[in-house]
2 protein chains.
Amino acid sequence: MGGSPRPALPAARKHSSKRDYIVDIFRHHEGHLSADDLFDLVRQGKTGIGRATVYRTLQWMVETGLARKVDFGEGRARFEASERRPRHFHLICDRCHRSFEFLSSDVESFVDEVASARGFAPTQTVVQVHGTCDECQKGVGAGATDDNATTAFLFARDALRMAIATERSGLEFYTCATRIASDPRGRRVFEKLAGEERTHLATLQARYKELIKSNPDLESRPAFLFFKGAASGLFASGAQQLTPGVDDEQALRIGMKCERGSHLFFKRYGSRFEESEGKRIFLEFAAEERDHFELLVREYRALRARRAAHRRRTPPRRHAVARRAR
Amino acid sequence: MGGSPRPALPAARKHSSKRDYIVDIFRHHEGHLSADDLFDLVRQGKTGIGRATVYRTLQWMVETGLARKVDFGEGRARFEASERRPRHFHLICDRCHRSFEFLSSDVESFVDEVASARGFAPTQTVVQVHGTCDECQKGVGAGATDDNATTAFLFARDALRMAIATERSGLEFYTCATRIASDPRGRRVFEKLAGEERTHLATLQARYKELIKSNPDLESRPAFLFFKGAASGLFASGAQQLTPGVDDEQALRIGMKCERGSHLFFKRYGSRFEESEGKRIFLEFAAEERDHFELLVREYRALRARRAAHRRRTPPRRHAVARRAR
DNA sequence: ATAGATGCAAACCCTTTGCACATTA
DNA sequence: TAATGTGCAAAGGGTTTGCATCTAT
């Protein structure tokens, strides 16, 4: 969040030092500023910038995507910087007027469903939960300002947590699969993957630790990302399916399904976020899961080939069992 | 939606014919009115009512729950009557400025989850999907006004559809259970329940037919209620669990789980709605499911008792199998 | 009689605009 | 210089408020 290497401001027809100045102030201020808040901030420094210019600049920032306009129903607009911060939803305390951000894949997928049922092309989704925040309920007057300053970090933290949980789940799955595998070659594959999961897990945990070290109070913060149908559940249910009767081929298939689901999940949501650490974590993890998936596919094919070869050496039988209809 | 028997207006400190008049106009107008829209309507009739009074009355209606204030980001508030209309969410076309209503249990349960994770006490949830509506995408300029006039009917329609789907699912479950039941007495229970489901199904379908008859274009309207995790899925998965190996006791248990889940679902969401036909459908259905549940419980207990009695007549064994730890 | 409701117009607040002037390409 | 950006103040729109005047209890 430091000096920010200015990612080439979207083209205005002409340059303007005043606009640059306003944008700079805005970009370095996390939280939800109203036009007047920003005007005040701008006035504190360089003088001679009019209110109208602030309004016009805000408008321009929204058009070019540098800012997002939010309306908390206060009768005036607020603006939030959009760089490096994923789109998100808000919990809004109507008593102390602070807001808390969160993000959810479930809501997004739900919105997709509703919109497509109506042939509606959504551009933006607003989710606001109004109510009373924890502190106001307890009567702790203090409150201070929005603590959304760390949203980018919270996002990274939760992305890592999800990746770690998924990795753990995967590790468990492969450990379990190793135990069940009957064929020594199959066992080796699962052992290898278990090993990989262990390595990745260690990497992710190190990364998590580092993040926490650089930002110690991060750990105690509440959740930002909510993914009810998160990918780690996939492996958990996959592991459940690994009952003693399952053979190597089936185990491979289950593993493939899990890795593929996990890959799709992380990729799909990762690609929706704004450029950020959290996004990177999602996409990197998605790539890893894809690699695992591909490895499993190769092994699966190899196993099938071996079996087919074996079958050729034994009395020929029906090649495939036709699935019962209905 | 007729003459409306006026459900005792929440007490204002003093009566006022003007306020009554404004409220009356508002209540009989479906859709989202701005203060000025309402002022115009009021002015059309009785003259001599000032804009301020309209504002004050709207404020009072919101306070007393007669109206809900909504903000579509137009820079002015809109108001919708809340009687007989469930809280709902909005799809908002930013091109033609119409809005479409929908409702979802998933969002509500999701919001509960997020809020409780933060110790936040929610009072109201705003979900707005902005974008372009079907017609505007196709370039059909017409559009007319909001067609939310029929929301109450759509709500009833979808409630009936859900109830019917659940009933069908239940019927399938009990038919399946009848086939599987080994004990003749158990079979009779399932047959009885299948019969009940058939009867209820017929009732519901008749009700649905009647609704459609009174409002023919209702059938072609898009969905209003979205319940991804709807209760009919319960019975479907219940039926899946009825594999040949399952005995009567297990089947009863599965049935109980389904009926109980279904009951809770319909009751939980039904109780959240405003007074309306749809709400009544939900709650009535919830009651039916509860009855089924209780019948199953009785049968289950009877079966257990019979088995215990039988066991007493045979060499005594361990009464319960201790569950493996972990 | 008295608290509460109303109309009117003025005040408020946030935001946009017109216009003369300053900057930038 | 020609096209844009800017400051100021004024206008705009939605909403609230002060105050004298009604009205219900």
Side-chain angles (χ1 to χ4, degrees), chain A residues 8-26 31-64 66-80 94 97, chain B residues 6 8-26 32-64 66-80 94 97:
Chain A
L9 291 185
R13 293 165 270 225
K14 266 182 189 170
H15 239 233
S16 148
S17 63
K18 293 192 176 171
R19 177 162 54 209
D20 285 357
Y21 183 72
I22 298 172
V23 171
D24 228 59
I25 291 210
F26 180 74
H32 304 94
L33 293 173
S34 67
D36 250 33
D37 293 341
L38 182 55
F39 179 60
D40 289 346
L41 285 172
V42 165
R43 269 288 161 107
Q44 276 173 31
K46 202 173 208 155
T47 58
I49 292 187
R51 184 177 259 97
T53 304
V54 172
Y55 273 95
R56 284 191 274 240
T57 303
L58 277 169
Q59 209 169 288
W60 172 80
M61 280 193 279
V62 170
E63 278 161 20
T64 55
L66 272 173
R68 286 188 288 252
K69 193 174 184 173
V70 293
D71 182 346
F72 291 166
E74 305 165 288
R76 72 177 135 183
R78 291 188 169 278
F79 299 83
E80 56 183 25
D94 291 328
H97 297 286
Chain B
R6 179 166 316 170
L9 291 185
R13 292 162 272 225
K14 263 183 192 172
H15 238 236
S16 147
S17 63
K18 294 192 175 172
R19 178 163 53 210
D20 285 357
Y21 183 73
I22 298 173
V23 171
D24 228 59
I25 292 211
F26 179 74
H32 304 95
L33 293 173
S34 67
D36 250 33
D37 293 341
L38 182 55
F39 179 61
D40 289 346
L41 285 172
V42 165
R43 268 288 160 106
Q44 275 173 32
K46 202 174 209 155
T47 58
I49 292 187
R51 185 178 258 95
T53 305
V54 172
Y55 273 96
R56 284 192 272 239
T57 303
L58 277 169
Q59 209 169 287
W60 172 80
M61 282 193 278
V62 170
E63 277 162 19
T64 55
L66 273 172
R68 286 188 289 253
K69 193 175 186 174
V70 292
D71 183 344
F72 291 167
E74 305 164 289
R76 71 175 138 184
R78 292 189 168 277
F79 299 84
E80 56 183 25
D94 291 328
H97 298 286

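Chain letters run A, B, ... following the sequence lines, proteins first, then strands; residues in each count from 1.
Two residues are said to be in side-chain contact when any heavy atoms from C-beta on lie closer than 4.5 Å; Met61(A) and Phe26(A) meet this criterion.
In this view, Asp37(B) and Leu33(B), Ser34(B), Arg78(B) satisfy the side chain to side chain contact (heavy atoms under 4.5 Å, CB included) rule, not counting sequence neighbours. Every residue two or more places apart in sequence or in another chain was checked for a side-chain hydrogen bond (donor to acceptor under 3.5 Å, both in side chains) with Asp40(B), and none qualifies.
In this entry the distance linking CZ of Arg19(A) with P of dA25(C) reads 10 Å, nearest Å. For the pair Asp71(B) CG and dG14(D) P, the computed distance is 13 Å after rounding to whole Å. Distance Met61(A) CE to dG5(D) C1': 15 Å, rounded to the nearest Å. To the nearest angstrom, C1' of dC21(C) lies 11 Å from NZ of Lys18(A). For Ile49(A) and dC8(D), the CD1 to P distance is 11 Å, given to the nearest whole Å. Residue Glu74(B) contributes atom CD, which lies 10 Å from atom P of dG14(D) at whole-angstrom precision.
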Just list the side-chain donor-acceptor pairs under 3.5 Å for residues 50-59 of chain A, sequence neighbours left out, or say none.
unit_1: Arg51(A); atom_1: NE; unit_2: Asp36(A); atom_2: OD1; d: 3.2
unit_1: Arg51(A); atom_1: NH2; unit_2: Asp36(A); atom_2: OD1; d: 3.4
unit_1: Thr57(A); atom_1: OG1; unit_2: Thr53(A); atom_2: O; d: 2.7

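Residue Arg43(B) comes nearest to Gly48(B) through the heavy atom pair NE-N, 4.4 Å, listed as atom of the first residue, atom of the second, then distance. The heavy-atom pair separating Ile49(B) from Phe39(B) by the smallest distance is O-CE1, 3.3 Å.
Note that the CG atom of Asp71(A) and the NE2 atom of His32(A) stand 12.0 Å from one another [nearest 0.5 Å]. Taking CG of Leu66(B) as the reference point, atom CH2 of Trp60(B) lies at 5.5 Å (rounded to 0.5 Å).
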Would you list the protein and nucleotides 22-25 of chain D atom pairs, both N or O, that sit under 3.5 Å from each other?
unit_1: dA24(D); atom_1: N3; unit_2: Lys14(B); atom_2: NZ; d: 3.3

request  = Give the B/S/- string for nucleotides 11-19 of chain C, one per nucleotide from 5' to 3', where a protein heavy atom under 4.0 Å of the base yields B, of only the sugar-phosphate yields S, and otherwise -.
outcome  = ---SBBBB-
